[in-house]
Structures are given as C-alpha cells and as structure tokens.
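I have placed the structure first, in the form of structure tokens, so that the comments after it can refer back to it.
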Amino acid sequence: MVSNFYLVSNFFRQYNLFHNPYGFNAKIIIADASIVDKKVISQHLEKSSIEPDQIYYRGVNSEILPLSATNFEFNQKPAKIINTNSYPSKNLTVKYQIFLETKKFTESLYKEKTNNLTSRLQQAIISDINRILAYPENKQVIVYIQDKSHLQDLITQPEETNTEFTENKDYLQIHSNNSEADKQKIKEYENHVKIIFMTASGSRGLSFPKARHILVDIPRFNIEANLMEIIRVIYRGRSEFFENGEKITNDDKDKFLTFYLWEEVIFDDEKEAELSLQEKILNVVNLLLLLKAAIMTTIKGYGNINIGNHRYLIIPIGGKSVSSVGETFSGKMKNLITLLDKEYKINYKSKILLEVSDKLKSLLGKTDFLLKWIDKNPKNNPVSYLNI
C-alpha cells in the first residue's frame, strides 16, 4: 500500500493535479483499516525513507467516537481522516488457549524432533473445529496459521484419519504459493467448503461471510508484522452470501474468536526452572495484552490496559522498503530454492521438490561469485557495490 501511495502521489505532482488550472478537483483516497490516527498517518507516510515493521502506540485521554472525521495537514496540503471503529457482529466472544511445556536443556534437545506441544495444539484446533461444525448454524470456520509447515500438518491429520476429508469439497487452503488455477478453485468453492485454512499473505482481499468462528494460531516471530495480519484476518468473516436465492448476512449475529499460543520453557538447571517459567508466562501475558489492545483499537478506537486502567492506541503496521528493479542470478537462485523448500513443506509427498532443492544447494555451494565495479575512467574513485 505504501509504495502504491508514493506512485500515485508522484503521478499527481507530474500532471499538476494538486493545483489543477482546469478545475478538476482530484483527491487521493487511502482505505486502510490499520491506520486509524492522523499522527500515525503523518509519521508513516510523509517520508519515503526505509522503515522496519513496527508498532505505533500512544495514550488516549478522551473518548473516541465510533464514526468521526478530522481535518489535518499532510505534506503541507489539506487532508481529512474518516475513522470508523466497529466489528461486524452483534456480540464478539474472545477465547484464549495457552499451551506451555517445560524442558530441561540437553545436547540432544534440538536434534530430537519432539512434536508433543505442537501436536497438542493441533489436536485442540481439530477438536474445536469438530465442536463448532457439529452445530448446523455454523456453516464455515476460518483457521489461520502463519507457519505453512504447521498448517500442512494440521490439514494432513484429518486427511489421514478421514477419507471423506478432501480439498475443494470439505476445505480450502489459501497461501502465497497458490497458483492461478488454485485461485480459480478458491473462487469456485469458497461458499461450499466448511473449513478455510489460510496464511496471511494468501488471504488478503478475501472474505468468507458464512464464517462466524475464526481460529488463530498466534505466530511467535515477526510480532510487529504478524499482529497487523491478525487484525486483518479477524475481519475475514463479513459481508453477505446467497442461500436458496436469499441474501443472508452474519454481521448481525454473534461471532467468536479463538486464539492459540504455545511456548516452550527451556531451563538448564532445576533451580532456574521456576524463574524461566515466570519469565515465559510474563512474555505470554505481555503479548496477549498487546494483541487485545491492538484488536480493540480497530474495533473501539483504543484498548484498555488494566494497569492503572490506561487507554492506549496500539497500531501494528508494516514497514517500508525500496523494491529492486533488477535481480542478480544468485538472487534468483536463492528465491527459487526458498520457494522449493516452502512448496515441499506444503506438498511433502512431492519428493522431487526436495531433490531439486538439494541439488541446487549442492551445485551453488561449489560456485564462487565475484562482484566487480568496472569504471573505464581511472580518475574516478572506486564505488562500493552496496551503494549501487
């Protein structure tokens, strides 16, 4: 969204649309549910410098109206922010499931692939899915897991135990590696399947109005970016659908969010076990406070943090970067290997993907790449490759 904004802004400057002499009243409209504050808009968009993923926050001293319009100045030009705080449901129930496992550190700890904790998590999600779909009024459930390997493991479990559990009939899986043919299938079956498995990048721009239950496995990495994606995902079950020729909406019915968070507590000495557990629990509580405040900021305009009953505006937002026009051969090969590895995690039965990836790694591991900047003018100083 940020890069598109700068392209549109440059287009306006190029054709003098900000002060058009022919009477055209041109406007730039940015629609983004994440950015709900004028100070955040100015801080995030006025400068085009590179920024990492981050979380904006500030205290709120007054009541924020559900619908408001505020005039302000952006890049020395008049601007207006129209803010709507809401959630498409009659009532919203939020549930948290926390999984903790303590382990003593040993040399073989990370060599042994113990999946006890993730297995418990997956069983809990499957149990919740079965419980939800046992009620006829629940037509669909959305399951969000950012880790593609965990997502595939979750899909595989009911596939192995239930021959009736088939893709495009019972479920859809939506991720960034969906092909154009996959996207057509998603469009065709989106209102027929019962379960939508998705990651963040694959779900953008999609809505599943039949879903009243959204299950979210909270990622424990890149928390700034993933909090932003969670905010978007919880709005995926909205809009209208047709059933027997009748237009129906669930936006006036109760909806339910379930969050899952799992953590491992690793300790070296028995005496340190309790302290390690307390630190991990504190991390979990901090993350859940941040999550709830970010969700409430989108729904209500601010979130309450009970320490002193303070109100905070919490806005997780994506970073800004400069996209590269050209790409080196080595860069293309690296991206290809990464995609092969990701695809193998999804389609683990396709051994050829793993074989091609391993062969490429072996081949490129025997290759040396030498980068040179050649300047025919000997008077010029050497130029750093990184600056280019």
Side-chain angles (χ1 to χ4, degrees), residues 1 31-45 51-68 70 81-100 142 144-146 200 203-204 213-238 254-263 278-319:
M1 189 274 288
D32 193 305
S34 305
I35 308 178
V36 296
D37 181 73
K38 64 180 181 181
K39 292 182 180 178
V40 174
I41 293 173
S42 298
Q43 188 174 347
H44 187 59
L45 292 179
E51 292 181 355
D53 297 326
Q54 53 201 302
I55 297 175
Y56 290 99
Y57 71 94
R58 68 176 178 85
V60 177
N61 297 321
S62 59
E63 194 75 21
I64 295 179
L65 297 174
L67 178 63
S68 62
T70 306
I81 176 172
I82 300 173
N83 192 23
T84 58
N85 301 308
S86 64
Y87 190 79
S89 70
K90 181 180 179 182
N91 296 295
L92 179 63
T93 301
V94 182
K95 178 182 176 183
Y96 306 94
Q97 291 203 45
I98 314 299
F99 299 84
L100 289 172
I142 295 174
Y144 168 83
I145 299 180
Q146 182 64 352
S203 67
R204 291 171 186 168
H213 290 260
I214 300 178
L215 314 183
V216 178
D217 178 14
I218 302 174
R220 298 173 301 145
F221 57 92
N222 295 343
I223 192 63
E224 296 87 356
N226 281 316
L227 269 181
M228 177 185 68
E229 299 296 351
I230 289 174
I231 300 302
R232 292 176 174 174
V233 165
I234 66 172
Y235 281 85
R236 294 296 173 220
R238 62 183 177 185
D254 292 352
K255 292 187 179 179
F256 306 85
L257 302 178
T258 304
F259 295 101
Y260 305 86
L261 182 61
W262 60 278
E263 285 284 1
Q278 289 175 354
E279 290 177 348
K280 192 63 71 171
I281 291 174
L282 182 60
N283 290 340
V284 168
V285 171
N286 286 337
L287 178 56
L288 293 181
L289 282 173
L290 199 60
L291 172 66
K292 183 180 178 182
I295 292 173
M296 293 308 297
T297 297
T298 309
I299 296 175
K300 191 178 179 181
Y302 60 87
N304 286 94
I305 295 182
N306 291 331
I307 303 172
N309 198 29
H310 294 301
R311 297 173 176 177
Y312 287 95
L313 183 147
I314 305 289
I315 304 174
I317 200 163

Provide the closest heavy-atom pair for Tyr312 versus Ile305 in the form atom of the first, atom of the second, distance. CD1-CD1, 3.7 Å
With respect to Pro316, which candidate in Asp53, Ile55, Leu290 satisfies the side-chain contact (heavy atoms from CB on, under 4.5 Å) definition? Ile55
Applying side-chain contact (heavy atoms from CB on, under 4.5 Å) between Ile234 and each of Val94, Leu257, Leu92, report the one that passes. Leu257
Tell me if the NZ atom of Lys292 is crowded by more than 12 foreign heavy atoms within 6.0 Å. no
Taking the side chain as every heavy atom from C-beta outward, state whether Tyr56 and Ile317 have any pair of such atoms under 4.5 Å apart. yes
Answer yes or no: is there a side-chain heavy-atom contact under 4.5 Å between Tyr96 and Leu288? yes
Asn61 atom CG, over 12 foreign heavy atoms within 6.0 Å: no
Kindly check if the number of other-residue, nucleotide or ligand heavy atoms within 6.0 Å of CZ (Phe99) is above 12? yes
Report the distance from atom CD of Gln278 to atom CG of Asn283, rounding to the nearest 0.5 Å. 12.0 Å
Please give me the minimum heavy-atom distance between Asn91 and Ser89, naming the atom from each residue. O-OG, 3.3 Å
When rounded to the nearest 0.5 angstrom, what distance separates CD in Glu263 from CD1 in Ile218? 10.0 Å
So, for Val216 and Tyr144, which heavy atoms are closest and what is the spacing to 0.1 Å? CG1-CD2, 3.5 Å
Taking the side chain as every heavy atom from C-beta outward, state whether Leu100 and Trp262 have any atom pair closer than 4.5 Å. no
If we ignore hydrogens and angles and just use 3.5 Å, is the side chain of Lys255 paired with the main-chain N or O of Gly237 as donor and acceptor? yes
Check whether any side-chain heavy atom of His213 lies under 4.5 Å from a side-chain heavy atom of Ile142, and answer yes or no. no
Let me see the working for Asn85 and Ile299 under side chain to side chain contact (heavy atoms under 4.5 Å, CB included), right down to the final yes or no. CA-CA 5 Å; Asn85 301 308; Ile299 296 175; over 6 Å; no
Main-chain N/O of Leu313 paired to Thr297 side chain as donor or acceptor, under 3.5 Å: no
Taking the side chain as every heavy atom from C-beta outward, state whether Leu287 and Leu261 have any pair of such atoms under 4.5 Å apart. yes
For Gly303 and Met296, the nearest pair of non-hydrogen atoms, with its separation, is CA-CB, 3.8 Å
Ignoring hydrogens and angles, tell me if any N or O in the side chain of Asn226 forms a donor-acceptor pair with the backbone of Arg220 under 3.5 Å. no
Is there a donor-acceptor pair under 3.5 Å between the side chain of Glu224 and the backbone N or O of Asn222? no
Could you measure the distance from the CZ atom of Phe256 to the NZ atom of Lys95? Nearest 0.5 Å is fine. 11.0 Å
Would you please indicate if the ring centroids of Tyr87 and Tyr235 are separated by under 6.0 Å? yes
